[in-house]
Amino acid sequence: MTGHPAADDAAAWFRDVFGAAPDGAWHAPGRVNLIGEHTDYNEGFVLPFALSRGTLAVAGRRSDGALEVRSRQVPGGGATIPAGALAPGAVTGWAAYPAGVVWAMRAAGHQVGGVSMVFDSDLPRGAGLSSSAALECAVALALNDLHGLAVPRSELVTIAQRAENDFVGVPSGIMDQSASLLCQAGHALLLDCRTSEAVAVPFDPACTGLELLVIDTCARRELTDGDYASRRSECEQAAGALGLRSLRDITDVAELSRLADPLLRRRARHVVTENQRVIETVALLRAGRLGEAGTLLAASHVSLRDDFEISWPEADVTVTAATRAGALGARMIGGGFGGSVIALVPADVSARVLESVRAEFSRRGWPPPQFLDAMPSAGARRVRGPFKPAR
Ligand code: GLA
């Protein structure tokens, strides 16, 4: 077990708040998706890796069956949910995420008792780096250990997703929770979202003289949450019109000419071509030719911008500036309409790329972008103990 620099501090806060020592601390990372955007809910392929940044949950069992939560990021925004009061719609705001996981664990038949938790996170929210999934997965792993449940990680993934879909009400796919719980340090995770087969693919840009930059454009989506749901629904309509279970079933874009609606054809073309780009990227990674994946990242961005129409001005400017300054490829990541961009760059031009992006933002009077470390890191883990399971 490796520790976490913020765990002792959070444990001291837990003692202040609850007047007792916690039973342990768990950390779940955010993720960057190298490629494979909006393919997960189309039963396609994704290739995320875990960040070192994430959410820390310090937790202790309690005997009254209630859930009580506090977050460093939401001062004064704690919540106490009595035993028996957990139902979709009953909890709002950030506390719906941990509450949703308790609910989903119980709905899956697991005996989850009362728990007190404090959270701390170094993931920017709304940056397309899966801060929500990190919170859910830290809670899922904590509950699993605290109550001695031994639920396999693959099932914790679906429990965390169910919390988000059915309790919080966001119709997201399976990528973020899979990345947070299943990724390994030094690897990306190739996930087949139809079969749930997950394969770790070695991913070490430094080995080939490259860097993967993560640039938070600091633009946040506003009033566009419905756009994610509408893209998902358009993909389902496209599959339905083609008489297919999902767009995963298409490998040849020529088949899309059967779609009469040009909008559905564009949405579907993104998904079909993006799945192919994931497979090609994995082949390049395995062959030690990561640099050649730059053109695939670039093509992914164009497809997300023009066919899927979910990019935003700061992302487009970042991609253009990074590419002009020597990046091999760059693209927006995540759900869209705000958040982060990744750029694959030769290590010796990374400073120039960052400077060029910074200059373009400043020229437009935009708030400066933030640059984050993108070390492929371990998935969720317990970072502090020991504790004795309840039974
Ligand atoms: C969000 C969702 C994921 C996935 C991405 C887009 O992060 O939570 O399930 O659909 O958007 O690739």
Side-chain angles (χ1 to χ4, degrees), residues 31 33-48 128 130 161 164-165 170-179 189-198 221 224-284 293-312 315-316 319 329-339 341-342:
R31 62 99 188 95
N33 187 19
L34 188 55
I35 198 156
E37 221 63 89
H38 285 264
T39 46
D40 59 353
Y41 55 78
N42 289 299
E43 302 190 321
F45 301 100
V46 293
L47 190 63
S130 289
Q161 186 200 16
E164 184 154 333
N165 291 174
V170 178
S172 50
I174 197 70
M175 168 169 69
D176 304 344
Q177 294 81 5
S178 303
L189 184 80
L190 170 62
L191 183 69
D192 179 333
C193 301
R194 167 165 281 175
T195 63
S196 298
E197 190 192 355
R221 76 165 70 180
T224 50
D225 287 346
D227 288 322
Y228 183 90
S230 72
R231 292 303 182 280
R232 188 173 177 150
S233 145
E234 285 156 6
C235 290
E236 285 160 5
Q237 287 169 49
L242 292 164
L244 302 169
R245 171 176 142 165
S246 79
L247 291 175
R248 158 67 177 274
D249 291 316
I250 301 183
T251 47
D252 181 357
V253 279
E255 290 178 51
L256 300 177
S257 59
R258 290 198 283 126
L259 281 171
D261 180 340
L263 183 125
L264 294 188
R265 207 159 51 225
R266 279 189 285 127
R267 302 294 191 250
R269 186 168 58 191
H270 164 71
V271 174
V272 172
T273 57
E274 186 78 351
N275 276 330
Q276 288 165 352
R277 286 186 284 270
V278 176
I279 300 305
E280 286 170 36
T281 301
V282 169
L284 289 170
T295 51
L296 297 169
L297 299 187
S300 171
H301 185 75
V302 169
S303 178
L304 288 160
R305 185 191 65 199
D306 299 345
D307 278 350
F308 223 62
E309 296 180 281
I310 59 166
S311 190
W312 62 101
D316 295 338
V319 167
R331 72 175 198 87
M332 58 147 284
I333 60 167
F337 308 103
V341 164
I342 54 172

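The analysis underlying the following values was restricted to heavy atoms, covering all of them including side chains, and did not include hydrogens, waters or symmetry mates. Just so it is clear, the model here is predicted, and its values are computed rather than measured.
- By the 4.5 Å heavy-atom criterion applied to side chains, Gln237 and Arg267 are not counted as neighbours.
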Arg232/Glu236 under side-chain contact (heavy atoms from CB on, under 4.5 Å): CA gap, chis, key distance, verdict: CA-CA 6 Å; Arg232 188 173 177 150; Glu236 285 160 5; 3.4 Å; yes
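- Going from atom NE2 of His38 over to atom OG of Ser300 covers 10.0 Å, rounded to the nearest 0.5 Å.
- Residues Val271 and Asn275 have side chains in contact (heavy-atom distance under 4.5 Å, counting atoms from C-beta outward).
- Here Ser257 contributes atom OG and Asp252 contributes atom CG; the two are 9.0 Å apart, rounded to the nearest 0.5 Å.
- Heavy-atom minimum distance, Ser130 versus Asp176: OG-CG, 3.0 Å.
- Listed for the Asn42 side chain is no donor-acceptor partner under 3.5 Å among the backbone atoms of Gly44.
- Interatomic distance, Ile333 CD1 to Ile35 CD1, rounded to the nearest 0.5 Å: 12.0 Å.
- A search for salt bridge (Lys or Arg N to Asp or Glu O under 4.0 Å) contacts involving Arg305 returns nothing, not counting sequence neighbours.
- Ser311 contributes atom OG, which lies 3.5 Å from atom CG of Asp316 (distance to the nearest 0.5 angstrom).
- Atoms CD1 and CZ, on Ile250 and Arg269 in that order, are 12.5 Å from each other to the nearest 0.5 Å.
- Closest non-hydrogen pair, Ile310 versus Gly335, comes out as CD1-O, 3.4 Å.
- For Glu234 (side chain) and Leu264 (main-chain N/O), no donor-acceptor pair under 3.5 Å exists by modelled atom type.
- Side-chain contact between Gln161 and Glu164 is absent, with no heavy atoms from C-beta onward closer than 4.5 Å.
- Ring planes of Tyr228 and Tyr41: perpendicular class, angle over 60° (limits at 30 and 60°).
- Between the side chain of Asp307 and the backbone N or O of Ala268, no donor-acceptor pair lies under 3.5 Å.
- Ionic pairing of Asp249 and Arg194 is present here: one or more N-O contacts between side-chain nitrogen and carboxylate oxygen are shorter than 4.0 angstrom.
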Audit row: Leu242, Leu256, side-chain contact (heavy atoms from CB on, under 4.5 Å) steps and yes/no: CA-CA 8 Å; Leu242 292 164; Leu256 300 177; 4.0 Å; yes
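- Inter-residue side-chain proximity for Cys193 and Val46 is flagged as met; some heavy-atom pair is nearer than 4.5 Å.
- A salt bridge links Arg248 with Asp192: at least one charged nitrogen is closer than 4.0 Å to a carboxylate oxygen.
- Counting only residues at least two apart or in different chains, ring pair (Phe, Tyr, Trp, His ring centres under 6.0 Å) contacts with residues 245-279 comprise His270-Phe308.
- Here the closest non-hydrogen pair linking Pro48 and Met175 is CG-CG, 4.1 Å.
- Looking at every heavy atom in both residues, Gly36 comes nearest to Val278 through CA-CG2, 3.3 Å.
- One N or O on the side chain of Ser178 and one on the backbone of Ile174 form a donor-acceptor pair closer than 3.5 Å.
- Atom CG of Leu297 sits about 6.0 Å away from atom CG of Leu34, to the nearest 0.5 Å.
- Heavy-atom minimum distance, His301 versus Ala330: CB-O, 3.6 Å.
- A salt bridge links Arg277 to Glu274: one of the charged nitrogens lies within less than 4.0 Å of a carboxylate oxygen.
- The backbone N or O of Asp227 sits less than 3.5 Å from a side-chain atom of Ser230, completing a donor-acceptor pair.
- Here the closest non-hydrogen pair linking Ala241 and Leu259 is CB-CD2, 3.7 Å.
- Of the possible donor and acceptor atoms, one in the side chain of Thr39 sits under 3.5 Å from a partner among the backbone N and O of Phe45.
- Taking 4.0 Å as the cut-off between side-chain N and carboxylate O, Arg231 and Glu309 do not count as a salt-bridged pair.
- Looking at heavy atoms from C-beta onward, Val319 lies out of side-chain contact with Met332 at the 4.5 angstrom threshold.
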